[in-house]
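Accompanying notes for the structure given below.
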Amino acid sequence: MDNIALARLLDETASLLEIDGADVFRVRSYRRAAETVEQQTIQLATLLAPDADPKLLLAIPGIGKGMAANLRDLVDTGTMPLREELLTKYRATMLDLLRLPGMGPKTVALVWSALQVSNMDELEAAAKAGQLNELPRMGEKFTTKLLKGIEDYRKNSSRFRIDVAREFAERISALILAFPGIETVTPAGSLRRGRETVGDLDLLATGPACEPDVVAAAVQHVATLPLIDNLLARGQNKVTFTLRNNLQVDVRLLPRVSYGAAMQYFTGSKHHNVALRQRAIKRGLTLSEYALVRLEDNKIIASETEEAIYNALDLAYIPPELRENNGEIEAAAASFSGAATGGLPKLITLADIRGDVHMHTTETDGTASIREMAEAAIARGRKYIAITDHSKNLAMTNGMDDARALAHAARVRQVNAEMEGRIHIFTGVEVDILAEGELDLEDATLAQLDIVVASVHSRFDQPKEVITARIIRAIENPYVRILGHPTGRKLLKRDAYAVDVEAVCRRAAELGVAVEHNAAPARTDLSDANLRLAKSLGCRISMNTDAHATGEMDYMEDGIVQLRRAWLTADDVVNTAATAEEFLGRLRKRS
DNA sequence: GCCGTTTTCGGCCCGACTGTTTTCAGTCG
């Protein structure tokens, strides 16, 4: 059992404990253990081996004697006594219910004890039958909201967030690569195109072991991978299976000679491929997953690389992120023919990002100091950062009041001076947008800070127009320069776009307020469609990691994909400015 | 359940918002 699986079981146990009404601190310790286990770079199973020093495990913060025993049980038996005990009282499907808005552990426990409701279908039936209304504190509004939540959940839960899919892709790839003679495993499909969510995983493998005459042994290896939950199909060069979380995986083993054609074919999208095949036919060619072939003599024109295939169709190479048949083929044709206009955009790349202007430190809920964040940013090539710790309304983060915000800014200036020009550190704050759209710090305070990010953290179950008006009112404050995570943060838990993005972006563009695209996948705010919309409205985008730890700055690499899908160039993004001064110049001027 | 001590047990992020109340429990960040 690997760390990810261990962490998930610990986290599930924490949820079951919550439903059971256990001590909140006991629950917290299980959650904390799950987090730290997930972040370990070495596999804990190796620390639990008979010959391993038991002190190493206990040296991990958050792992004590009890948790170490739990981990040992999990590794040895796949489960642990506490988990089994809880599962005799409750049902594993009740964990799904916790993902619904308004459903917390108490409510899940209540519907179970009162109505024996333990899964989504039963809950929906009970809600529709009006049974919930008989329970305390559950009226009409609650039921309505719940049914909407169930609908949204069903709509989204068949797809997986890209970071989750990528993680599984990497784990499966590593297992496949263990077979001698398989040299390359590449994800294709919507994962390669950078879609925010992925329906199933397409993995392409190649190498000497994938040549037609010997591929059977490699297929056998893939079909018996340990993490397969359900083997769905097994063909000559293809294996399809599902994982325990129901993610479907297609693995294809292909000879080197047709790898480019296969990559092109399986990356899609479907619409892009249809258009490409039509283009091929017009040129007397036919495109398949094996090769681009001339019809008159069956001669293979291109097959080993994608670039050769695109070029043979008189197209410049099209980056996977653009392959949606949204005009990229026409643009690639223009580029290939050397036309002066209408070519493929020079898409933004990670190297274009020079600053990260939304981050937290130990002053509130971050895990690193100002200096540590600055050093980590330098290591990643950033030229400027902004320290934007939370304001007081976010009590759980130890948010700052006005006096603390100013004192913190003074420390930021001090550290900035000590950096001696290696990086510029802006002062700042992430203020919270209150119910009426006002901010939770004084204007006099904000006036003394370089970067004011205004974010909504409160609940999103009010009507869309209420939330939209609240955000617009907030960004009208003259000191706000960036609208932080504009659409709310949880992509799958609830309707991610309970905000009129068009109205917000329109006003932001008028005011010169930059709209943030949060680079962390789990916090994705602007879909590629919304990014395109924002660009079309003249909105300036600020892409930030909202890092709470130094390592989170690496999320920048994930975030860039969404920008590329939206055809954005370096010019569309404010924090591509080469210097701190130039960056400030791109932001709204204070009145 | 973990931690750090006072080595045996107390402390462990807390406040706003909502729906349902008519004073508050539950959820969320």
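Within every chain, numbering begins at 1; the chains are lettered A, B, ... in the order of the sequence lines, protein sequences first and strands thereafter. The figures here come from the full heavy-atom set of this structure, side chains too, leaving out hydrogens, waters and symmetry mates.
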Rounded distance [0.5 Å steps], CG in A:Asp402 versus CG in A:Leu406:
7.0 Å
Mark yes or no for whether A:Arg404, through its side chain, and A:Glu363, through its backbone, hold a donor-acceptor pair below 3.5 Å.
yes
Atom C1', compared across B:dG29 and B:dC13: separation rounded to whole Å:
11 Å
Mind calculating the distance between CG (A:Leu146) and C1' (B:dT27) to the nearest angstrom?
13 Å
Taking the side chain of A:Lys141 as heavy atoms from C-beta outward, which of B:dC13, B:dT27, B:dG19 is closest to it?
B:dG19
How close or far is atom C1' of B:dC14 from atom NE2 of A:His390, stated in whole angstroms?
14 Å
Does atom CD of A:Glu438 have more than 12 heavy-atom neighbours from other groups under 6.0 Å away?
yes
Can you tell me the distance, in whole Å, between the NZ atom of A:Lys145 and the P atom of B:dG19?
6 Å
Between A:Arg470 and A:Thr468 (side chain of the first, backbone of the second, donor and acceptor by atom type, cut-off under 3.5 Å), is there such a pair?
no
Whole-angstrom distance between B:dT27 and B:dT20, as gauged at atom C1'
14 Å
Pick base, sugar-phosphate or nothing for A:Glu18, based on heavy-atom distances below 4.0 Å to the nucleic acid.
nothing
Identify which nucleotide among B:dG19, B:dG26, B:dC17 has an atom closest to any side-chain atom of A:Lys106, counting heavy atoms from C-beta outward.
B:dG26
pair_partner(B:dC9), Watson-Crick or wobble, both distances < 3.5 Å, evaluates to B:dG4
Between CG of A:Leu98 and C1' of B:dC28 the distance, given in whole Å, is 13 Å
Checking side-chain hydrogen bond (donor to acceptor under 3.5 Å, both in side chains) between A:His358 and each of A:Asn575, A:Asp546, A:Asn518, A:Asn544, which is the one that passes?
A:Asp546
Expressed in whole Å, how much space separates the C1' atoms belonging to B:dG1 and B:dT8?
16 Å
Using the C1' atom in both, what is the distance from B:dT23 to B:dC17, to the nearest Å?
15 Å
Would you mind classifying the nucleic acid contact of A:Thr397 as base, sugar-phosphate or nothing, using non-hydrogen atoms under 4.0 angstrom?
nothing
The nucleotide from B:dC17, B:dG26, B:dC13 with an atom nearest the side chain of A:Arg28 is B:dC13
Mind checking the C1' distance from B:dG10 to B:dT5? Whole angstroms is fine.
10 Å
Within the structure provided, determine whether A:His485 and A:Glu516 are in side-chain contact (heavy-atom separation under 4.5 Å).
yes
How long is the line joining CG of A:Leu434 and C1' of B:dG15, in whole Å?
12 Å
Whichever of A:Ala395 and A:Thr107 has its nearest DNA chain B nucleotide further upstream toward 5'
A:Ala395
Considering only the P atoms, how many Å lie between B:dT21 and B:dC14, rounded to the nearest integer?
30 Å
Summary of protein contacts for nucleotides 1-9 of chain B, nucleotide by nucleotide, where a base hit scores B, a sugar-phosphate-only hit scores S (4.0 Å, heavy atoms)
BSS------
Nearest whole angstrom, please: distance from the C1' of B:dC14 to the CG of A:Asn393.
11 Å
Given side chains that start at C-beta, do those of A:Glu476 and A:Glu510 come closer than 4.5 Å, heavy atoms only?
no
A:Arg31 atom CZ is separated from B:dC28 atom C1', nearest whole Å, by 13 Å
Taking atom C1' of B:dG19 as reference, at what distance in whole Å does atom CG of A:Leu110 sit?
14 Å
If we take the P atom in both B:dG11 and B:dT6, what is their distance in whole Å?
15 Å
salt_bridge(A:Lys106, A:Glu18) N-O dist < 4.0 Å:
no
